[in-house]
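So the structure is just underneath, and the comments pick up after that.
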Amino acid sequence: MDLTIIIPTFNEAPNVAELVRRIQLAVAGTDAEIVFVDDSNDDTPRVIEEVAAAASMPVRLLHRDDPQGGLSGAVLEGMAIAQSDWCLVMDGDLQHPPEVIPSLVARARRGGVDVVVASRYVGDGTAHGLANGIRTLVSRASTLVTKAMFPIRLQDCTDPMTGFFLVHRPSVVPDELQPRGFKILLELLARRPFRVAEVPFDFAQRFGGESKASLVQGFRFLMQLAMLRFGRMSGFALVGGLGAVANIAIVALLSSFGMSYLVASVIAAEVTILGNFALLERFVFSDLRQESGSMWKRLWKSFAFNNIESAIRIPIATAAVSAGIMHGTVATTVTLAIAFVVRFTFHSLVVYAPQRKARVSAIAKPDTAATVTVPATVAEPERLAS
Ligand code: GDD
Ligand code: MN
């Protein structure tokens with residue numbers, strides 16, 4: 001197989017038939033297949049099966065009942081089952097025009113590349129299809145910030161946010177990736193050096209259905225960016241910062257109802273301890289959840305530890321202030337900074353530590369991923385058959 005086209009879908013039923021029709025026209029004569037990786041909760045899987053049955057090219061469906069890692073996770077699962085080493089990733093709503101596929105393939109055929117990116121921001125590429133001015137602004141700003149954070153790794157890529165690209169699978173090491181959210185290309189390019197080339201494309205209007213972009217996806221992207229650049233600790237810090245702001249707001253709110261400072265502080269501490277735990281589970285340690293036992297056990301460890309830690313920290317800070325050793329703000333800042341490091345260490349080494357059983361089986365289990373993982377030194381990728 002020369003080419004595998006991987007399409008992550010979430011409730012895209014209105015687009016499937018038109019998408020496959022235009023892809024078939026665009027890749028006529030190429031030995032290609034389509035792999036839909038679907039997490040829908042509507043009739044999209046049935047529509048895909050119907051269209052696949054009538055299609056003139058191989059169309060496969062992988063419907064995930066337990067979708068890990070959202071869009072990015074879906075793309076990696078598609079790559080793992082692809083029959084070709086050249087995997088083209090595109091959206092399922094026709095904002096990525098199938099007619100652009102031949103130009104990506106042609107660039108790969110010329111050799112010397114691991115990834116060919118379809119960019120809205122090179123040559124005569126455009127981003128007209130972005131829903132509104134705010135999305136255009138956000139897309140531009142996040143592209144700028146992302147490129148500033150990875151000046152070397154992204155030097156040949158003008159559009160690291162795009163979801164439209166062709167990658168040579170042997171140059172990807174799945175085990176080093178933490179798929180989450182929409183930005184799978186960024187996850188790839190930020191983790192290791194790739195030889196990147198680009199072709200321009202016009203990001204089109206959505207054909208049918210609704211965009212799945214949301215504020216949660218936006219927050220997930222910020223987390224990804226911070227953790228790719230500064231490591232998991234930065235994600236922990238972001239959540240901690242959010243918790244501190246929430247804490248101050250809750251104390252202010254409860255005090256305005258006449259509640260005593262001490263009672264308000266205790267309620268605020270408990271609420272933010274629980275809130276932080278929920279954010280850590282979802283955004284910071286999501287990749288470690290599976291092997292670290294039950295959520296309730298993690299919650300208990302985190303809750304108990306954070307309370308013990310606060311019960312030690314607050315009296316120490318109070319004592320330092322009343323003894324005149326430090327000003328209140330300095331005492332709070334210093335003790336919170338120490339608490340941050342202690343809390344991060346405890347969560348990484350205890351709360352999210354892989355359980356013994358998981359540890360033993362990890363040692364025993366043969367490295368199944370080996371089939372798609374190749375040695376770091378990537379030989380010249382074989383050219384796409386002309
Ligand atoms: N399997 C799976 N699981 N597919 C998903 C999920 C998920 O959780 N969430 C979204 N998708 C699919 C959608 O069904 C669609 O085919 C594709 O991923 C992109 O989703 P959209 O909702 O259309 O995203 P967008 O148009 O707002 O953003 C796209 O364009 C941006 C700009 O190029 C995405 O490609 C972004 O990654 C990209 O930055
Ligand atoms: Mn879209």
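Whatever order the structure lists them in is the order used to number ligands and atoms, beginning at 1. Every heavy atom of this structure was used, including side-chain atoms; hydrogens, water molecules and symmetry mates were not.
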Side chain to side chain, [X] and [Y], heavy atoms closer than 4.5 Å:
X: Trp86; Y: Leu166; value: yes
X: Arg232; Y: Leu288; value: yes
X: Pro97; Y: Arg22; value: yes
X: Leu280; Y: Phe236; value: yes
X: Lys183; Y: Ser72; value: no
X: Ile5; Y: Ile101; value: yes

message: To the closest 0.5 Å, what do you measure between CD (Gln178) and CE (Met227)?
response: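 With rounding to 0.5 Å, CD (Gln178) is 5.5 Å from CE (Met227).
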- prompt: How long is the span from the OH atom in Tyr121 to the CD atom in Glu198, to the nearest 0.5 Å?
  reply: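 Between atom OH of Tyr121 and atom CD of Glu198 there are 12.0 Å.
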- prompt: Is Asp91 close enough that one of its N/O/S atoms sits under 2.8 Å from the Mn ion (ligand 2)?
  reply: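 It does not; every qualifying atom lies at 2.8 Å or beyond.
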task: Give a yes or no on whether Ser211 keeps an N, O or S atom under 2.8 Å from the Mn ion (ligand 2).
output: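 It does not; every qualifying atom lies at 2.8 Å or beyond.
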Taking 4.0 angstrom as the limit and counting only heavy atoms of [X], give me the atoms of ligand 1 inside it, by number and element.
X: Lys183; value: 36 (C), 37 (O), 38 (C), 39 (O)
X: Thr9; value: 1 (N), 2 (C), 4 (N), 14 (O)
X: Ala74; value: 1 (N)
X: Gly70; value: 3 (N), 7 (C), 8 (O)
X: Ala213; value: 22 (O), 27 (O)
X: Gly163; value: 35 (O)

Quick check: [X] and ligand 1, any N/O pair under 3.5 Å apart?
X: Val37; value: yes
X: Gln95; value: yes
X: Asp39; value: yes
X: Thr162; value: no
X: Asp91; value: yes

Protein contact to [atom] [nearest heavy atom, distance to 0.1 Å]:
atom: atom 38 (C) of ligand 1; answer: Met161 O, 3.2 Å
atom: atom 18 (O) of ligand 1; answer: Leu71 CD1, 3.1 Å
atom: atom 6 (C) of ligand 1; answer: Phe10 CB, 3.7 Å
atom: atom 32 (C) of ligand 1; answer: Arg120 NH1, 3.3 Å
atom: atom 21 (P) of ligand 1; answer: Arg206 NH2, 3.7 Å
atom: atom 30 (O) of ligand 1; answer: Phe203 CZ, 3.6 Å
atom: atom 22 (O) of ligand 1; answer: Lys212 N, 2.5 Å
atom: atom 24 (O) of ligand 1; answer: Phe182 CE2, 3.3 Å

So which bit of [X] gets within less than 4.0 Å of ligand 1, heavy atoms only: side chain, backbone, both or neither?
X: Arg64; result: neither
X: Gln68; result: neither
X: Glu12; result: side chain
X: Phe164; result: neither
X: Pro8; result: both

message: I'd like the name of whichever of Arg135, His96, Gln217, Glu210 reaches closest to atom 28 (O) of ligand 1 through any heavy atom.
response: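 It is Arg135 that holds the nearest heavy atom.
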query: Just going by heavy-atom distances, which of Gly129, Gly69, Gly92 is nearest to atom 16 (O) of ligand 1?
result: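 Looking at heavy atoms only, Gly92 sits closest to atom 16 (O) of ligand 1.
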- prompt: Any chance the rings of Phe303 and Phe277 have centres within less than 6.0 Å?
  reply: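 No, ring centres 6.0 Å or more apart.
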Are [X] and [Y] ion-paired here, with the side-chain N under 4.0 Å from a carboxylate O?
X: Arg192; Y: Asp114; result: no
X: Glu12; Y: Lys212; result: yes
X: Arg180; Y: Glu187; result: yes
X: Arg46; Y: Glu49; result: no

Strictly by modelled atom types, are [X] and [Y] linked by a side-chain donor-acceptor pair under 3.5 Å?
X: Thr44; Y: Asn11; result: no
X: Ser119; Y: Thr158; result: yes
X: Thr4; Y: Gln83; result: no

query: To the nearest 10 degrees, how large is the angle at the Mn ion (ligand 2) between Gln95 OE1 and Asp93 OD2?
result: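 It rounds to 90°.
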- request: For Pro58 and Ala32, work out which heavy atoms get closest and say how close.
  value: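 Heavy-atom minimum between the residues: CD-O, 3.3 Å.
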